[in-house]
Amino acid sequence: MRLALNQRVAILLHGGITGTIGKTGLSLLRYSEAPIVAAIDKESAGKSIVELTGIKRDVPIVGSVAESLKYQPEVLVIAIAPKGGALPDDYWHELKDAIKAGMSIVNGLHTPLENIPELKALLKPGQLIWDVRKEPSNLGIGTAQARNLPCRRILTIGTDMAVGKMSTSIELHHASRLRGWRSKFLATGQTGLMLEGDGVPLDAIRVDYAAGAVEQMVMRYGKNYDILHIEGQGSLLHPASTATLPLIRGSQPTQMILVHRAGQTEVMEGIPIPPLNEVIKLYEIVAKGAGAFTGASVVGIALNTAHLDEATAKQEIAKVQTETGLPCTDVIRYGGAKLLDAVMRS
């Protein structure tokens with residue numbers, strides 16, 4: 001399933017347009033081809049998406065589901081990504097209002113909604129609730145067989161969570177297609193799944209099967225494409241993250257792109273981000289597994305400079321490029337061509 005191109009969508013992200021929990025909604029605004037007719041954010045109601053975010057999509061911001069109904073949405077997407085993935089208490093009345101108005105619900109949170117009796121009772125024929133984070137069936141363990149595929153497999157890795165790994169993979173995918181290559185973006189998180197329609201919700205999969213789930217996905221597409229862009233999750237530096245290692249083992253990447261937020265020095269209080277060259281070394285050592293696997297090099301740095309002005313962003317990009325000796329750019333500001341060139345040179 002994916003967001004249908006013929007259904008009018010409203011995205012629910014109270015506090016997310018200018019806050020820290022709106023990455024799902026902002027990514028949908030940036031990348032989704034579905035007709036998004038309203039963004040629901042009581043803190044930013046009446047303001048401009050373009051002015052607040054720089055995303056060139058003229059979508060009205062309203063304060064509630066009830067106010068969005070004048071734009072006739074057919075689907076409501078819960079478009080926040082809070083820590084822990086739980087549904088905020090004040091969202092319940094919004095969901096009920098949406099279902100009563102005839103809307104289907106797309107839920108990317110860890111809290112499953114599909115089988116909650118109170119919500120199910122409100123559904124009418126043709127309405128549904130799609131819980132995106134649901135473990136697929138027929139899973140197996142990883143066997144490292146992806147290393148035998150002929151295609152390039154580009155995995156985005158990060159110094160932290162929520163730094164732009166999905167956006168980097170999508171921009172590299174778009175750059176690949178512009179060059180006429182058979183390219184596929186492989187989604188591993190809720191937003192990517194909404195955009196692409198397939199993939200694996202990695203953080204919903206039992207850890208013993210996580211590498212196998214990634215491997216199944218990569219094997220399904222690897223023989224039919226020249227290049228796979230695998231959406232990264234989490235970070236080897238984050239104490240709460242378990243997703244990065246199965247992505248490395250399951251995809252057996254041929255190259256990696258490191259994603260980092262400019263100027264960030266800690267993952268959380270008391271846990272520093274080491275110098276980028278040390279982070280690169282860590283990822284390359286893990287990918288190689290002391291010689292058990294072929295391994296993969298970090299070939300470029302995707303620097304998130306969304307919080308910086310243009311001049312400062314360029315200074316930070318130049319600084320990181322000098323520090324690491326690797327090509328560096330912000331793919332949202334300047335596109336993915338520079339990093340794709342680095343991939344193809346390696």
Side-chain angles (χ1 to χ4, degrees), residues 3 5 7-83 88 90-91 94 97-98 103 106 108-109 160-171 174-175 189-192 194-195 259-264 302-317 329-337:
L3 291 178
L5 301 185
Q7 288 185 304
R8 298 167 66 84
V9 175
I11 55 175
L12 180 62
L13 67 170
H14 289 312
I17 292 179
T18 58
T20 60
I21 62 171
K23 73 170 189 175
T24 294
L26 297 179
S27 294
L28 293 176
L29 286 165
R30 179 172 281 119
Y31 294 117
S32 178
E33 297 178 16
I36 299 174
V37 298
I40 302 165
D41 186 335
K42 58 191 175 188
E43 286 80 2
S44 299
K47 297 179 181 178
S48 164
I49 288 284
V50 177
E51 291 177 6
L52 291 177
T53 69
I55 298 171
K56 294 178 175 60
R57 191 159 185 166
D58 189 16
V59 174
I61 306 173
V62 298
S64 67
V65 165
E67 291 178 47
S68 76
L69 297 181
K70 62 185 175 184
Y71 299 105
Q72 301 179 313
E74 300 165 278
V75 176
L76 180 72
V77 178
I78 303 173
I80 57 169
K83 289 183 179 179
D90 63 346
Y91 274 48
E94 297 280 40
D97 286 351
M103 299 165 68
V106 176
L109 300 177
D160 195 5
M161 299 179 179
V163 290
K165 294 179 288 293
M166 184 199 73
S167 297
T168 298
S169 291
I170 289 176
E171 292 292 341
H174 289 168
Q190 73 272 21
T191 312
M194 292 177 195
L195 292 168
V259 187
H260 175 61
R261 182 179 289 106
Q264 185 176 344
L303 197 64
N304 182 337
T305 66
H307 54 297
L308 303 177
D309 61 42
E310 188 85 6
T312 308
K314 288 181 177 180
Q315 290 173 5
E316 287 298 311
I317 288 169
T329 191
D330 182 327
V331 297
I332 299 298
R333 288 181 188 260
Y334 307 117

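We're numbering straight along the sequence, starting at 1.
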message: Evaluate Val9 against Val106 for side chain to side chain contact (heavy atoms under 4.5 Å, CB included), listing each step before the verdict.
response: CA-CA 10 Å; Val9 175; Val106 176; over 6 Å; no
query: How long is the span from the CD1 atom in Ile11 to the CD1 atom in Ile49, to the nearest 0.5 Å?
result: 6.0 Å
- prompt: What is the distance from atom CD1 of Ile80 to atom CD1 of Ile21, rounded to the nearest 0.5 Å?
  reply: 4.5 Å
message: Please find the pair of heavy atoms, one from Gly335 and one from Thr329, that lie closest to each other, and give the distance.
response: O-CG2, 3.9 Å
statement: dist Ile78:CD1 -> Glu94:CD (nearest 0.5 Å) comes out at 10.5 Å
query: CG/Leu303 to CG/Asp330 distance, rounded to the nearest 0.5 angstrom?
result: 6.5 Å
Approximate separation, where rounding is to 0.5 Å, of Thr53 OG1 and Leu29 CG: 7.0 Å
field: Smallest separation among heavy atoms of Val37 and Val59, with atom names
entry: C-CG1, 4.0 Å
field: Residue that, paired with Thr168, satisfies side-chain contact (heavy atoms from CB on, under 4.5 Å) out of Ile332, Val163, Asn304, Val331
entry: Val331
Side chain to side chain contact (heavy atoms under 4.5 Å, CB included) between Glu43 and His14, intermediate numbers included: CA-CA 7 Å; Glu43 286 80 2; His14 289 312; 4.0 Å; yes
field: Test side chain to side chain contact (heavy atoms under 4.5 Å, CB included) applied to Ile170 and Arg30, step by step
entry: CA-CA 11 Å; Ile170 289 176; Arg30 179 172 281 119; over 6 Å; no
message: With side chain to side chain contact (heavy atoms under 4.5 Å, CB included) as the criterion, how do Asp41 and Lys47 come out once you've worked through the C-alpha distance, each side chain's angles and the decisive distance to 0.1 Å?
response: CA-CA 10 Å; Asp41 186 335; Lys47 297 179 181 178; over 6 Å; no
task: Heavy atoms only: give me the nearest Ala39-Leu13 pair and the separation to one decimal.
output: CB-CD2, 4.2 Å
- line: Shortest non-hydrogen pair, Ser32 vs Arg57, comes out as O-NH1, 2.7 Å
message: Tell me which pairs pass side chain to side chain donor-acceptor pair (under 3.5 Å) where either residue lies in residues 58-75, with sequence neighbours left out.
response: none
query: Do the side chains of Met103 and Pro73 get nearer than 4.5 Å, heavy atoms only?
result: yes
- request: Could you walk me through whether Arg333 and Thr305 pass side-chain hydrogen bond (donor to acceptor under 3.5 Å, both in side chains), step by step?
  value: CA-CA 8 Å; Arg333 288 181 188 260; Thr305 66; 2.7 Å; yes
message: Keeping His307 on the side-chain end and Ala262 on the backbone end, is there a donor-acceptor pair under 3.5 Å?
response: yes
- prompt: Side chain of Arg261, backbone of Ala162: donor and acceptor closer than 3.5 Å?
  reply: yes
message: By the definition side-chain contact (heavy atoms from CB on, under 4.5 Å), identify the one residue from Ile17, Leu28, Val50, Leu26 that meets it with Ile55.
response: Leu26
- request: Please name the pair of heavy atoms, one in Ser27 and one in Thr191, separated by the smallest distance, quoted to 0.1 Å.
  value: CB-CG2, 3.6 Å
- prompt: To the nearest 0.5 Å, how far apart are CD in Gln190 and CG in Leu195?
  reply: 10.5 Å
task: State whether the side chain of Ser48 and the backbone N or O of Glu51 hold a donor-acceptor pair below 3.5 Å, judged by distance alone.
output: yes
- request: Begin with the C-alpha distance, continue with both residues' side-chain angles, and end with the deciding distance and a verdict on side-chain hydrogen bond (donor to acceptor under 3.5 Å, both in side chains) for Glu171 and Tyr31.
  value: CA-CA 10 Å; Glu171 292 292 341; Tyr31 294 117; 2.8 Å; yes
message: Looking at every non-hydrogen atom in both residues, tell me the closest pair between Leu76 and Ala98 and how far apart they are.
response: CD2-CB, 3.6 Å
- line: Residues at least two apart in sequence or cross-chain that pass side chain to side chain donor-acceptor pair (under 3.5 Å) with Thr312, listed by chain then number, are Asp309
